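It should be emphasised that the depicted structure is a prediction, and the values quoted were computed from it without experimental measurement. First listed ligand is number 1; within each ligand, the first listed atom is number 1.
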Amino acid sequence: MTSADSKHADPPGTLVIGNNVPSGETFDAPSTTPNGSQAQTVDHNPQNYYTFRDAEREVEFKRHDMPTPWMNYLSNGTFHTMLSHAGGGVAFYKSPQIWRITRYRFFHLPMDRSGPYFYVQNKESGAYWCPTNEPAMNKPEEWKSAHGMGYTRFEAKRDEIAAKVVYFVGPYENSLIWNLTLSNEGNTAKQLNIYAYVEFGMMEFMRELQWQCYNKHQVSVRYHKAGALVYRYGVENQPKPEETPLVYFASDAPLSGYDGDREEFIGSYRSETNPAAIENGGCTGSTLMGGDPCGALQFSITLQPDERRTINVFLGTSADEAGVEKAIARSREAGFVDRSLQALKENWNAYLGVWESRLPDPDAERMINIWNPYQAHRNFLFSRNISFYATGTFRGVGYRDTSQDILAVVPFDAGLALSKLQLLLGQQYRDGHVNHYFFPNEGWEPVTTVHSDDHLWTALAAWDLLAETGDAAFLGDQVPYYDGGQGTVYEHLKAAIDFTASKLGPNGFPLMLRSDWNDQLFRVCREGRGESIWTAMQLGTVLLRMVDLAMASGHPEDVAKYEAMYEEQRKLVNSIGWDGRWFRRAIMDDGRFLGSDEHDEAKIWLNAQTWAIISGMAEPDKGLQAMNSVRDMLDTELGIKKIHPSITTFPDPADPLTNYNKGTGENGAVFCHANTWAIIAECLLGRGDLAYKYYRQLLPNVAMDKAGLWRYKAEPYVYASNLFGPESDKFGLANVSWLTGTAAWMYIAATQYMLGIKPVLNGLSVNPCIPASWEGYTVKRRFRGCIYDITVTNESKVSTGVKSIIVDGEPIQGTVIPPYSERSSVKVDVIM
Ligand code: NOJ
């Protein structure tokens, strides 16, 4: 169903747009309510809210009143800002937990406050508005914004003044650059006050919630003679005071006023919507020695007709006073801002230049070329730390999550991927288990719960690195163990297998320990006897890789052990693990199966079916039957549910496996991360049409078109962690967007399995699994120094099966194209 259709009727089947938003026809409410505030126009048609600009790698927004803030992440790897389409957001240096710079009010009303705001005021009338649209009450007459790769842009007009602001973090300074250009489009001179405003928070967000009343008097904002405000977070007992930076708020335009005290600039019983200073004639010149800090800079300018003026504002950090002065001086140099933006764009061009595809499906093409790798890069940077949904208060680097995030960075930057892999391995103990979360920036003690899967994931990343680069040397690099001593990368990976081998349960499967991939499973294995059948499949997948890694690192003596272990687990999976129509998920402490037809709830679990295939463990008839059960019992028109039926009382009404409401989160929702493995499994089975159905229905813009914008709510350009399932009251509501394992695995599923371009040890494998109706596609893929310019022609209208491959005019045998490091590019013709 297209979005145009959805404008006129609810989609068929179980998807009913629900109770809290009007369904069907677009309607426009009056523009003001009886109370005088602006009424919101609720419109289900996504096309009225946003549009993709693929050539520019941008998504453009036509309205500011989205159902939720639609975010972007601006970052140079050290200084970061999460910024919404309407200008709300939060800046932080390295860690949002201990070096958060600005305040963002999570879960509060009004939503999406505060942010880095400009106000444009006509001095004569006093009226003011914001190029970001929010938060001022006066709205621009014309407005749009756009997220691009590492930048966000706003363009607005009011009262003959046009404003364009580009926010970005450049590579040369740790600062958010606010690049404002104003033009007078009228016939008369305009006297303007321009204000730049941010609310500083306490750098430690948890301390802010707990100890603000005392610690707020240990922060200061002072005026610096360079014409800037400097915010100092001098709070006692902070974790790394010597690394806490000073924050500067400066501009390259002369100031006509400033405020460092929020009470002075905003005033009491006011908000960013109506700051007192702006309404009362200007900044008050306040500084702050304890209290609620802010940064406000005022610029009084006159713009003649047709005149254009640029003001750059820099919100940045530096270690000390001298560094602040240097950073400000450098930022004010002519050309600094343009150079920084240019470098940012070039960096992204180079990064995304690794892969460029042309596909029959433009939605898939956009996602694969642009937004999916971009999102995956942000996951790699931020793990599951801070988003509109996650407050950035506790979660550091998750071992399990980050191991998987690495997979989608390997193709683009193997060096970056390797350094993250080594960082993770540094959290491993000599016995092979690992810390569950750790805090490299904050220096806090790690979370040490022991899970059955965490330590195993890194082998997948190591194998992918080997396949990408063809260079096994890194397997011999020494990496410390968390509890002392060191071992090579290979020895770390081997220790992980040994740990699992030493923790098998009474039935022979890996013990569940605290949980496996599925966080909720701790409820059924508290007594330590529970076993994870899924972990057996994960182990199997890893063992296949370990055979290659052992050979590549010069340890052939380990191969037989890995093969024997694989075989043992494979037998168990197909015997005890088989329920009759699908694979079982786990064995609970009490010995009963989880994921069995004998129960009324949670009979079937998605992961146990997909990984039976991915691991190569499923006997062919069982594998096929299991994936048919997925199709028949779990698939919906908006993605595949993680379990069915949802849990309300299982296994014990007094202690159900999960407290999630049915159809939400970990309970019967469409868990997008787990959907990626169904795509891979179907590709491995050769069922290209089904794989593509599973892929396409979760493309965020496609799901939004189907569900309706006010039901789906989250961004249409990045994956969400989950969509509420049909058993919930809001089927199709997307949650926890941006930071989700979906990003990495969806990228792998689409590029390596559907499009079938997969690095393997001896070259680049081309083995597509596509809809039979596709006529073909092209991919340019950089691999081991050479660009493979691949044209796939689906001559026989099949889903799988490569008839011939011709490289630079020469036929090759099989489906693996050897590395051509001595050529800069090769032309590859693939006939299916
Ligand atoms: C989100 C967690 O970050 C991830 O580690 C886990 O695998 C999934 N939830 C599923 O429980």
Side-chain angles (χ1 to χ4, degrees), residues 375-376 378-387 389-408 424 427 434-439 446-458 460-461 510 512-525 530 532 534-535 537-538 541-542 585-586 594-595 602 605-608 610-611 614 634 639-643 646-647 657-660 663-678 714 719-725 734-746 748:
Q375 179 183 7
R378 274 27 191 157
N379 273 261
F380 180 89
L381 265 187
F382 302 119
S383 196
R384 305 296 173 265
N385 227 313
I386 188 163
S387 67
Y389 307 84
T391 55
T393 40
F394 179 69
R395 294 181 73 171
V397 180
Y399 199 97
R400 169 197 299 145
D401 296 336
T402 300
S403 301
Q404 296 171 72
D405 294 343
I406 291 175
L407 300 177
L424 290 175
Q427 296 296 312
V434 300
N435 290 321
H436 187 51
Y437 294 160
F438 62 104
F439 303 92
V447 173
T448 57
T449 47
V450 183
H451 301 249
S452 60
D453 66 318
D454 280 352
H455 51 285
L456 293 172
W457 288 107
T458 29
L460 301 187
M512 181 72 77
L513 306 175
R514 165 78 192 194
S515 83
D516 60 24
W517 174 87
N518 215 123
D519 293 325
Q520 293 292 299
L521 291 182
F522 71 93
R523 292 262 179 111
V524 293
C525 58
S532 171
W534 174 82
T535 303
M537 299 168 181
Q538 184 208 16
T541 309
V542 166
R585 180 65 178 78
L594 181 64
W605 292 62
L606 176 57
N607 282 1
T610 54
W611 281 78
I614 292 171
L634 295 173
I640 310 169
K641 291 163 40 159
K642 197 175 74 172
I643 62 172
S646 287
I647 293 165
L657 192 152
T658 177
N659 289 4
Y660 276 99
T664 76
E666 302 268 358
N667 188 9
V670 170
F671 211 88
C672 304
H673 187 169
N675 275 244
T676 66
W677 296 321
Y719 290 104
S721 166
N722 63 77
L723 272 58
F724 280 10
N735 289 279
V736 195
S737 59
W738 272 105
L739 301 187
T740 157
T742 315
W745 277 106
M746 206 53 107
I748 299 297

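Ring geometry for Trp677 versus His673: interplanar angle of 30 to 60°, hence tilted.
In terms of N/O distances under 3.5 Å, ligand 1 is not approached by Arg384. Residue Arg395 has at least one nitrogen or oxygen atom sitting less than 3.5 Å from a nitrogen or oxygen atom of ligand 1, judged on distance alone.
A donor and an acceptor atom, one from each side chain of Glu666 and Thr658, are nowhere located under 3.5 Å apart.
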Ile406 and Trp457: CA distance, side-chain angles, deciding distance, side-chain contact (heavy atoms from CB on, under 4.5 Å) verdict: CA-CA 10 Å; Ile406 291 175; Trp457 288 107; over 6 Å; no

side-chain contact (heavy atoms from CB on, under 4.5 Å) assessment of Leu594 paired with Leu657: CA-CA 10 Å; Leu594 181 64; Leu657 192 152; 3.6 Å; yes

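Legend: residues meeting side-chain hydrogen bond (donor to acceptor under 3.5 Å, both in side chains) with Asn675, ordered by chain and number and at least two apart, are absent.
At a heavy-atom distance under 4.0 Å, no atom of Gln520 approaches ligand 1.
When each atom of ligand 1 is checked for a heavy atom of Asn518 under 4.0 Å away, the hits are 11 (O). Per-residue contacts place Arg400 under 4.0 angstrom from the following atoms of ligand 1 (heavy atoms of the residue considered): 4 (C), 5 (O), 6 (C), 7 (O). Listed by number with element, the atoms of ligand 1 under 4.0 Å from a non-hydrogen atom of Glu666 are 8 (C), 9 (N), 10 (C), 11 (O).
Distance check, rounded to the nearest 0.5 Å: CG of Asn667 to CD1 of Ile647 gives 5.0 Å. We find the NE2-CG distance between His436 and Asp519 to be 6.0 Å, quoted to the nearest 0.5 Å.
Among protein heavy atoms, the minimum distance from atom 5 (O) of ligand 1 is reached at Asp401 OD1, 2.7 Å. The nearest heavy-atom contact from the protein to atom 9 (N) of ligand 1 is Asp519 OD2, 3.1 Å. Closest to atom 6 (C) of ligand 1 among all protein heavy atoms lies Trp517 O, 3.2 Å.
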